[in-house]
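Here is the structure we will look at, set down as structure tokens.
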Amino acid sequence: MSYRYRCGECSYSARWTTESEAEDLAAAHYAQSHPGLAPGGGSEPNRMSRRSRGCIAVFVIALFLILVVAL
């Protein structure tokens, strides 16, 4: 799943990335744009991420195994 950081002090929002990189981007943004303030804001998950396949992959594998066993 992808995450995007949104600043609590201004309208900045980072690109969609991993959760740990979003935290790093937040810290870097605060250090550059809001020195002396503790990082605020939050991150939001991208539930429609193309990298996330969800249960479709499990379904396809299960279907394939059923077809192999049936033959």
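Starting from 1, each residue takes its place in the sequence as its number. Only heavy atoms go into these numbers, but all of them, side chains included; no hydrogens, no water, no symmetry mates.
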Gap separating the [atom1] atom of [X] from the [atom2] atom of [Y], nearest 0.5 angstrom:
X     : Y     : atom1 : atom2 : result
Tyr12 : His29 : OH    : NE2   : 6.5 Å
Arg4  : Glu44 : CZ    : CD    : 4.5 Å
Glu23 : Ser43 : CD    : OG    : 7.0 Å
Cys7  : Leu25 : SG    : CG    : 12.0 Å
Arg15 : Ser2  : CZ    : OG    : 11.0 Å

Atom of Tyr5, atom of Ala22 and distance for their closest heavy-atom approach: CB-O, 3.8 Å

Any donor-acceptor pair under 3.5 Å linking the side chain of Tyr30 with the backbone of Gly40?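 Flag set: sc Tyr30 to bb Gly40 pair under 3.5 Å.
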
Can His34 and Cys10 be said to form a side chain to side chain contact (heavy atoms under 4.5 Å, CB included), step by step? CA-CA 9 Å; His34 312 292; Cys10 65; 3.5 Å; yes

